[in-house]
Amino acid sequence: MKAVVLAAGKGERLRPLTDDRPKPILKVANKPIIEYILENLDPFVDEFIIIVKYMKEKIIETLGDEFHGKPITYVSQVEEEGTAKAIYSAKDYIEEEEFFAINGDIYFEQEAIRGLLHVYKKTKANAALVVKKFDDLSQLGMVKTEGGYVREIVEKPGNVGGLANLGIYIFNPDVFEFIERTQESERGEYEITDTINLMISDGRKVAYFEYSGFWSDIGRPWDLLEVNEYILKTKLKHDIRGTVEEGATIIPPVEIGEGTVVRSGSYIIGPVKIGKNCRIGPNCFIRPYTSIGDNCHIGNAVEIKNSIIMDNSNAPHLNYVGDSIVGENTNLGAGTITANLRHDNRTIKVEIKGKLEDSGRRKLGAIIGHNVKTGINVTIYPGRKIGSGALVGPGVIVDKNIPPNVLVVA
Ligand code: TTP
């Protein structure tokens, strides 16, 4: 069976982390999001078809031409936007057989794929999808069911509970004919959920598998923190490959990659994952649910908690990084501090595509892009973003978002 993975989106809600790269290759717990998806599909498929468009070279460069020995074919998405058009782009690569189609920006457990395949085979339906119960479907697609099959999918039905569509499907090649008949939606895209509704109104059977494990749609920056926390909490094994100096304290589970040195006085409370060739300490404090990539430097008098620090980035002296995301090749100047809590204890709002969105989190720090440099004593307010390539001068108080590639001085 083949798997079509949708990885052509622009990932605009994840700016600045997607300023210079597509969302599926962003690393969570030090691994690209899309690799977790391919791993879950791996036992069930013999070929991957990845639909690409936005900065496609970076996906190709990251994954190469095979995954676990199985070929990857990259297909450019047709001109129009939307998940239906993304799937349609694979038409020439699908023969007689049914195939998986899956969003390239979700995190879930393999049980979802296993259950879906089982239901599809058992019911001999024309298509099948994975659903999960949620109390609030306002950001999701609601799957209404009847007699053991899907009756309708309603996008963003408001704050009601029910079964959500998780973006994991099996189709047979008939779906292409229905995509051809799918109309453009209100937001100007061709949506696979509209295609599924068309199939149902034409008398086709769409089965569903109800999954109850963890699932996250990585759309907004704090979703990355949620998935990072889940992975570290449930998958991390204590594994020290680097060197730990006498006088450092490590409370398991902590993973430390080859070539990394943890100097005396460092205090690390797991779950924490640290990549290869990092310099950690002396005298730093790394708290739970922190992922630090390869070639990073976390120096003296630095505290990090519940954060993602991507490859080649440094918090070298006197930094506090809490509930934050720091992109690749970024350097925080001495004394750069992220604030992660409002004094009035309200949840933190973040500007997403020009609109303030409530993250629902009481604690959320900074979202810092790639290739950023901050000067000494930079203070960053909760939920603020610094665009990739920005230079933030000494003493700047970041109380507004900073666009990419600008110089900001105090
Ligand atoms: P979305 O999350 O709706 O879109 P996006 O990834 O571009 O993010 P944003 O809204 O922040 O810009 O997409 C769901 C999945 O479908 C995701 O895996 C990307 C994929 N997709 C395509 O492959 N092609 C497309 O034209 C669109 C819209 C999405």
Side-chain angles (χ1 to χ4, degrees), residues 3-26 28 32-38 40-41 48-56 58-60 62-63 72-91 93 99-108 112-113 129-130 137-141 153 155-156 164-169 171 175 179 182-196 215-224 226-227 325 350-355 357 359 367 369 385 387:
V4 177
V5 183
L6 312 187
K10 291 199 201 82
E12 279 188 62
R13 290 165 300 154
L14 261 189
R15 302 267 162 142
L17 301 161
T18 48
D19 282 342
D20 67 350
R21 67 199 65 196
K23 176 161 57 172
I25 63 163
L26 285 176
V28 183
I33 294 165
I34 194 165
E35 283 192 23
Y36 294 107
I37 298 172
L38 301 187
N40 281 345
L41 289 163
F48 299 101
I49 298 169
I50 302 186
I51 311 300
V52 290
K53 188 172 185 173
Y54 176 70
M55 298 204 174
K56 62 180 179 185
K58 299 218 170 165
I59 298 190
I60 298 168
T62 302
L63 293 175
I72 300 179
T73 304
Y74 296 96
V75 177
S76 290
Q77 183 169 325
V78 295
E79 200 47 41
E80 301 100 321
E81 304 247 317
T83 46
K85 291 292 177 177
I87 294 173
Y88 194 76
S89 311
K91 186 170 183 264
Y93 300 84
F99 61 97
F100 289 104
I102 188 161
N103 289 359
D105 60 352
I106 52 179
Y107 184 90
F108 58 94
I113 304 285
L129 49 84
V130 183
L137 295 175
S138 47
Q139 298 296 320
L140 298 162
I153 307 178
E155 280 304 333
K156 301 190 175 146
N165 171 26
L166 303 193
I168 308 170
Y169 313 92
F171 294 112
V175 71
I179 293 175
T182 301
Q183 305 286 314
E184 199 173 338
S185 71
E186 270 173 25
R187 61 171 181 170
E189 290 183 10
Y190 294 83
E191 325 264 0
I192 195 63
T193 45
D194 287 340
T195 307
I196 293 170
W215 174 87
S216 178
D217 175 15
I218 304 173
R220 288 91 32 102
W222 56 90
D223 297 325
L224 291 168
E226 185 198 34
V227 174
I325 304 168
V350 181
E351 194 184 309
I352 303 283
K353 284 174 93 173
K355 272 204 229 136
E357 221 180 278
S359 68
I367 301 124
K385 304 198 247 185

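The figures that follow rest on heavy atoms only: side chains count, while hydrogens, waters and symmetry mates do not. In what follows, residues are counted from 1 in the order of the sequence shown. For ligands, and for the atoms within them, numbers begin at 1 and follow the listed sequence.
Side-chain contact between R13 and V350: absent, with no pair of heavy atoms (C-beta onward) separated by less than 4.5 Å. A heavy-atom distance below 4.5 Å is found between the side chains of I196 and Y169.
In plain terms, the two heavy atoms of E357 and R220 that are nearest each other are OE2-NH1, 2.7 Å. Between A84 and T195, the shortest heavy-atom distance links the atoms CB-OG1, 3.7 Å. Smallest separation of non-hydrogen atoms from T83 and N103: CG2-OD1, 4.4 Å. Here the closest non-hydrogen pair linking A86 and L6 is CB-CD2, 3.8 Å.
Contact residues of ligand 1 (protein heavy atom closer than 4.0 angstrom to a ligand atom; sorted by chain and number): L6, A7, A8, G9, K10, G11, E12, R13, K23, Q77, E81, G82, T83, A86, N103, G104, D105, E189.
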